[in-house]
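Just so you know, residue 1 is the first one in the sequence shown, and it goes up from there.
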Amino acid sequence: MPRFPVHTIDDAPEASRAALEATRQRLGKVLNIYGEMAHAPVLLAVSNAMSQAVAEHGTFDARTREAIALAVGNQNGCGYCQSAHTLGAVRAGWSEEQTLAIRDGQLGFAPKLDALLMVARQIAANVGEVADETYEHARRAGWSDEELAELFAHVMVNMLTNYFNHYAETELDIPAASGLAS
């Protein structure tokens with residue numbers, strides 16, 4: 001059972017209503033995670049601001065962004081985010097089978113992306129620590145230092161939602177991704 005109420009636009013704190021409406025327009029509905037975040041307007045504002053900054057200033061395409069989200073969500077054991085980003089990844093052009101491979105770290109079909117996701121997984125798993133060998137492998141695979149710095153922002157946006165879902169015990173209100181309990 002979730003720890004926080006799942007607010008609708010109508011019953012959310014006034015300071016959260018505009019953000020929830022924008023979320024509803026973008027996604028077609030207010031997902032449980034955002035309805036819960038709305039309980040603390042500052043939390044919803046921080047989440048939205050981080051996401052907006054990545055959207056406005058980030059250079060990764062949708063497929064790469066979704067792959068990062070899948071890898072980080074898997075690393076953090078967040079079924080909600082893995083499910084949400086599986087839907088997003090399929091919309092971005094990944095097949096269902098590829099989303100499973102990305103989540104599981106089995107990217108024989110995409111070695112350059114695999115190198116990037118290895119860095120993302122280590123950031124998430126090791127409180128930001130990444131082995132020199134892993135970082136250099138990503139550089140040799142073709143990722144620039146600027147892209148590897150940007151990766152950190154993507155990982156942090158995803159860790160916020162992953163950790164919040166664990167903390168709030170968010171109930172899944174979208175289809176569970178393959179391989180995850182519903």
Side-chain angles (χ1 to χ4, degrees), residues 23 26-29 31-34 47-48 50-166 170 172-182:
T23 298
R26 184 172 47 91
L27 300 174
K29 71 177 192 173
L31 296 176
N32 283 350
I33 183 175
Y34 300 115
S47 177
N48 286 342
M50 288 175 68
S51 294
Q52 183 176 351
V54 166
E56 285 181 24
H57 304 287
T59 62
F60 296 140
D61 64 17
R63 286 170 54 94
T64 303
R65 290 190 310 267
E66 292 297 342
I68 293 165
L70 287 170
V72 173
N74 180 269
Q75 180 64 51
N76 290 323
C78 183
Y80 192 100
C81 289
Q82 289 179 81
S83 295
H85 289 288
T86 293
L87 295 172
V90 169
R91 280 193 306 272
W94 293 110
S95 70
E96 184 78 22
E97 294 77 26
Q98 288 171 320
T99 67
L100 287 165
I102 292 166
R103 286 178 14 217
D104 294 339
Q106 306 296 319
L107 273 74
F109 61 89
K112 181 178 179 185
L113 180 62
D114 187 37
L116 182 72
L117 298 183
M118 286 173 31
V119 174
R121 287 176 188 281
Q122 284 190 15
I123 292 169
N126 302 320
V127 294
E129 297 283 339
V130 173
D132 289 340
E133 176 182 299
T134 303
Y135 188 87
E136 290 304 320
H137 175 71
R139 290 186 72 216
R140 285 191 308 276
W143 297 103
S144 69
D145 288 332
E146 292 80 7
E147 290 168 320
L148 292 168
E150 177 182 333
L151 173 63
F152 194 84
H154 290 268
V155 171
M156 291 301 103
V157 167
N158 285 286
M159 286 182 67
L160 173 73
T161 57
N162 294 170
Y163 282 25
F164 179 76
N165 283 320
H166 291 303
T170 306
L172 198 59
D173 57 338
I174 55 176
S178 297
L180 299 176
S182 55

Novice: Less than 4.5 Å apart, any side-chain heavy atom of His137 and any of Val119?
Specialist: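 Contact flag for His137/Val119 side chains = no.
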
Novice: What pair of heavy atoms forms the shortest contact from Leu100 to Ser178, and how long is it?
Specialist: CD2-O, 3.3 Å

Novice: What distance separates Thr64 OG1 from Glu150 CD, expressed to the nearest 0.5 Å?
Specialist: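 Atom-to-atom, Thr64:OG1 and Glu150:CD are 9.5 Å apart.
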
Novice: Once side-chain hydrogen bond (donor to acceptor under 3.5 Å, both in side chains) is applied, do any residues pair with Glu146, and if so which ones, sequence neighbours excluded?
Specialist: Ser144

Novice: Whether the side chain of Gln82 engages the backbone of Leu180 through a donor-acceptor N/O pair (distance < 3.5 Å, no angle test) should be reported.
Specialist: no

Novice: To the nearest 0.5 angstrom, please state how far the OG1 atom of Thr86 sits from the CD atom of Gln98.
Specialist: 12.0 Å

Novice: Distance check, rounded to the nearest 0.5 Å: Cys81 atom SG versus Asn165 atom CG?
Specialist: 4.5 Å

Novice: Can you confirm whether the side chains of Asp145 and Tyr135 place a donor and an acceptor under 3.5 Å from each other?
Specialist: yes

Novice: Is Thr161 close to Tyr80 at the side-chain level, that is, under 4.5 Å between some pair of heavy atoms?
Specialist: no

Novice: Quick one: list whatever passes ring-ring contact (aromatic ring centres under 6.0 Å, His included) with Phe60, sequence neighbours left out.
Specialist: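 For Phe60 the ring-ring contact (aromatic ring centres under 6.0 Å, His included) partners, ignoring immediate neighbours, are Trp143, His154.
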
Novice: Give, for atom CD1 of Ile33 and atom OG1 of Thr23, the distance between the pair rounded to the nearest 0.5 Å.
Specialist: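 Between atom CD1 of Ile33 and atom OG1 of Thr23 there are 10.0 Å.
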
Novice: Within this structure, what is the CG-CD distance for the pair Leu117 and Gln122, rounded to the nearest 0.5 Å?
Specialist: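 The distance works out to 12.0 Å.
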
Novice: Between the side chain of Ser51 and the main-chain N/O of Ser47, is any donor-acceptor distance below 3.5 Å?
Specialist: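 Yes, the answer is positive, given that a donor and an acceptor are paired below the 3.5 Å cut-off.
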
Novice: Can you name the side-chain hydrogen bond (donor to acceptor under 3.5 Å, both in side chains) partners of Asn76, sequence neighbours left out?
Specialist: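 Only Asn162 meet the side-chain hydrogen bond (donor to acceptor under 3.5 Å, both in side chains) criterion with Asn76.
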
Novice: What are the two closest heavy atoms between Arg103 and Arg121, and how far apart are they?
Specialist: O-NH2, 2.9 Å

Novice: Quick one: which residue pairs count as a side chain to side chain donor-acceptor pair (under 3.5 Å) with a foot in residues 104-114, not counting sequence neighbours?
Specialist: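 Sorted result for residues 104-114: empty, none.
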
Novice: Quick one: are Ile68 and His85 in side-chain contact, heavy atoms under 4.5 Å?
Specialist: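 No; the side chains remain at least 4.5 Å from each other.
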
Novice: Who pairs with Asp132 by side-chain hydrogen bond (donor to acceptor under 3.5 Å, both in side chains), at least two apart in sequence or on another chain?
Specialist: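 Partners of Asp132 by the side-chain hydrogen bond (donor to acceptor under 3.5 Å, both in side chains) criterion come out as none, since no residue qualifies.
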
Novice: Compare every heavy atom of Val72 with every heavy atom of Ala124, then report the nearest pair and how far apart it is.
Specialist: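 What the structure gives for the nearest pair is CB-CG1, 4.2 Å.
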
Novice: Grab the two heavy atoms, one from Ser95 and one from Val90, that are nearest each other, plus how far apart they are.
Specialist: C-CG2, 4.5 Å

Novice: Atom CG in Leu113, atom CG in Leu107: separation rounded to 0.5 Å?
Specialist: 5.5 Å

Novice: I would like to know whether Ile123 and Met156 meet side chain to side chain contact (heavy atoms under 4.5 Å, CB included); could you show each step before the answer?
Specialist: CA-CA 9 Å; Ile123 292 169; Met156 291 301 103; 4.0 Å; yes

Novice: Hey, is the main chain of Arg63 close enough, under 3.5 Å, to the side chain of Trp94 for a donor-acceptor pair?
Specialist: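 Flag set: sc Trp94 to bb Arg63 pair under 3.5 Å.
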
Novice: With sequence neighbours excluded, tell me which residues meet side-chain hydrogen bond (donor to acceptor under 3.5 Å, both in side chains) with Glu56.
Specialist: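 So Glu56 forms a side-chain hydrogen bond (donor to acceptor under 3.5 Å, both in side chains) with Gln52.
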
Novice: For a quick test of reading the model, state the closest non-hydrogen atom pair linking Ser83 to Ala176 and the distance between them.
Specialist: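 For Ser83 versus Ala176, the nearest heavy atoms are OG-CA, 3.4 Å.
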
Novice: For Glu147 and Thr59, test the side chains for any donor-to-acceptor distance below 3.5 angstrom and give the result as yes or no.
Specialist: no

Novice: On a heavy-atom basis, which atom in Ala101 and which in Phe109 lie closest, and how many Å separate them?
Specialist: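 Distance-wise, the nearest heavy atoms are CB-CE2, 3.7 Å.
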
